[in-house]
Chemist: 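One structure coming up, written as structure tokens, with questions to follow.
It should be emphasised that the depicted structure is a prediction, and the values quoted were computed from it without experimental measurement.
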Amino acid sequence: MYEIKKQIYLDMTKNQKAALCNFLRALVKKSPELSSEEILDKFIDDERYYLEINASRFEFIADIIDDNQFLKDTELFIKECRKYYDYKKKQEPIIQAQKEFEKKKRKFLQEVKMSKEEPTKKQLYYYEKLCKKYNINGVKLTSKLQARDEIDKIITEHSKEKFLEE
């Protein structure tokens, strides 16, 4: 898409070209159900209407809206945008799988880090309180990971017991 941008609308200024291309790209993204030709027709019809009522966003295309080169460039850019968004849509499952993998990797690395760190005072205090509350002989906690897992195990066990009693 970026290579095509260099080849089209050669007679426009940089700002005019950028504004027009951004608008067309948004139009393509907003209308995935329409074909490239339908998007082009819709754009041309809308711009003619806005030019007639003197409310166009792109006054600079008033003289060239019916020019063959302008129509070719616009159609070429719309087709490239369509290809880009179709490709992006096809890549979505791969990107989601990659994000999921990265999430699991971060969680694993966090657990590795926790397994090497001493448990915090809060964890030790909370663990002792839980052991007293449920009359459990506690083990010596050696890492944050072990403390988290032991606390979670106690809470899970006793919440199941409470649930079964009710």
Chemist: Looking at Arg148 and Glu111, does any basic side-chain N land under 4.0 Å from a carboxylate oxygen?
Modeler: yes
Chemist: Using every non-hydrogen atom in the two residues, find where Arg25 and Lys5 come nearest and quote the distance to one decimal.
Modeler: NH1-NZ, 4.1 Å
Chemist: Run Lys42 and Asp46 through salt bridge (Lys or Arg N to Asp or Glu O under 4.0 Å) and show every step you take.
Modeler: CA-CA 6 Å; Lys42 181 180 182 327; Asp46 288 351; 3.4 Å; yes
Chemist: I'd like to know if the side chain of Thr74 pairs up with that of Tyr9 as donor and acceptor (distance under 3.5 Å, no hydrogens or angles considered).
Modeler: yes
Chemist: Measure from the side-chain N and O atoms of Lys29 to the backbone N and O of Cys81, and report whether any donor-acceptor pair falls under 3.5 Å.
Modeler: no
Chemist: Could you state whether Ile78 and Ile64 fall into the same hydrophobic cluster, counting links through intermediate Ile, Leu, Val, Met, Phe, Trp or Tyr residues with side-chain heavy atoms under 4.5 angstrom apart?
Modeler: yes
Chemist: Measure the NZ-CG distance between Lys113 and Leu145 for me, rounded to the nearest 0.5 Å.
Modeler: 13.0 Å
Chemist: Kindly give the heavy-atom pair with the smallest separation between Leu10 and Lys6, and that separation in Å.
Modeler: CD2-O, 3.5 Å
Chemist: Would you name the heavy atoms of Lys89 and Pro93 that are closest together and state the gap between them?
Modeler: O-CD, 3.9 Å
Chemist: How many angstroms lie between CD in Glu102 and NZ in Lys105, if you round to the nearest 0.5 Å?
Modeler: 4.5 Å
Chemist: Answer yes if the side chains of Glu75 and Ser36 hold a donor-acceptor pair under 3.5 Å, and no otherwise.
Modeler: no
Chemist: Carefully, step by step, assess Asp86 and Lys79 under the rule salt bridge (Lys or Arg N to Asp or Glu O under 4.0 Å).
Modeler: CA-CA 10 Å; Asp86 289 346; Lys79 284 181 180 179; over 6 Å; no
Chemist: Report yes or no: does Glu38 contribute a side-chain atom to a donor-acceptor pair with the main-chain N or O of Leu34 at less than 3.5 Å?
Modeler: no
Chemist: Starting from Val139, can I reach Ile151 by hopping between I/L/V/M/F/W/Y residues whose side chains sit under 4.5 Å apart?
Modeler: yes
Chemist: If you count the non-hydrogen atoms of other residues, nucleotides and ligands that lie under 6.0 Å from OH in Tyr85, is the total more than 12?
Modeler: yes
Chemist: Can you hop from Leu141 to Ile155 via hydrophobic side chains spaced under 4.5 Å?
Modeler: yes
Chemist: Determine, step by step, whether Met114 and Gln146 satisfy the side-chain contact (heavy atoms from CB on, under 4.5 Å) criterion, reporting the C-alpha distance in whole Å, the side-chain angles of both residues, the deciding distance to 0.1 Å, and the verdict.
Modeler: CA-CA 8 Å; Met114 285 175 67; Gln146 183 189 15; over 6 Å; no
Chemist: Between Phe23 and Phe58, does the ring centre distance come in under 6.0 Å?
Modeler: yes
Chemist: Going from OG on Ser143 to NZ on Lys116, what distance comes out if it is rounded to the nearest 0.5 angstrom?
Modeler: 11.5 Å
Chemist: Working to the nearest 0.5 angstrom, can you tell me the gap between Ile61 CD1 and Phe70 CZ?
Modeler: 4.0 Å
Chemist: Salt bridge check: are Lys83 and Glu80 linked by an N-O gap of less than 4.0 Å?
Modeler: yes
Chemist: Linking I/L/V/M/F/W/Y whenever any side-chain heavy atoms sit under 4.5 Å apart, do Tyr84 and Leu40 land together?
Modeler: yes
Chemist: Can Asp11 and Gln69 be said to form a side-chain contact (heavy atoms from CB on, under 4.5 Å), step by step?
Modeler: CA-CA 11 Å; Asp11 53 339; Gln69 187 60 43; over 6 Å; no
Chemist: Nearest heavy-atom pair of Arg82 and Ser31: which atoms, and what distance?
Modeler: NH2-O, 3.3 Å
Chemist: Give, for atom CD1 of Ile136 and atom NE2 of His158, the distance between the pair rounded to the nearest 0.5 Å.
Modeler: 3.5 Å
Chemist: Walk me through whether Phe77 and Val28 qualify under side-chain contact (heavy atoms from CB on, under 4.5 Å).
Modeler: CA-CA 10 Å; Phe77 187 71; Val28 170; over 6 Å; no
Chemist: Indicate the atoms forming the closest heavy-atom contact of Ser115 with Val112, along with that distance.
Modeler: OG-O, 2.6 Å
Chemist: Tell me the closest heavy-atom pair linking Leu51 and Ile65, and the distance in Å.
Modeler: CD1-CD1, 4.1 Å
Chemist: I'd like to know whether CD of Gln98 has more than 12 heavy-atom contacts from other residues, nucleotides or ligands below 6.0 angstrom.
Modeler: no
Chemist: Just verifying a value: how many Å separate Leu71 CG and Phe43 CZ, rounded to the nearest 0.5 Å?
Modeler: 9.5 Å
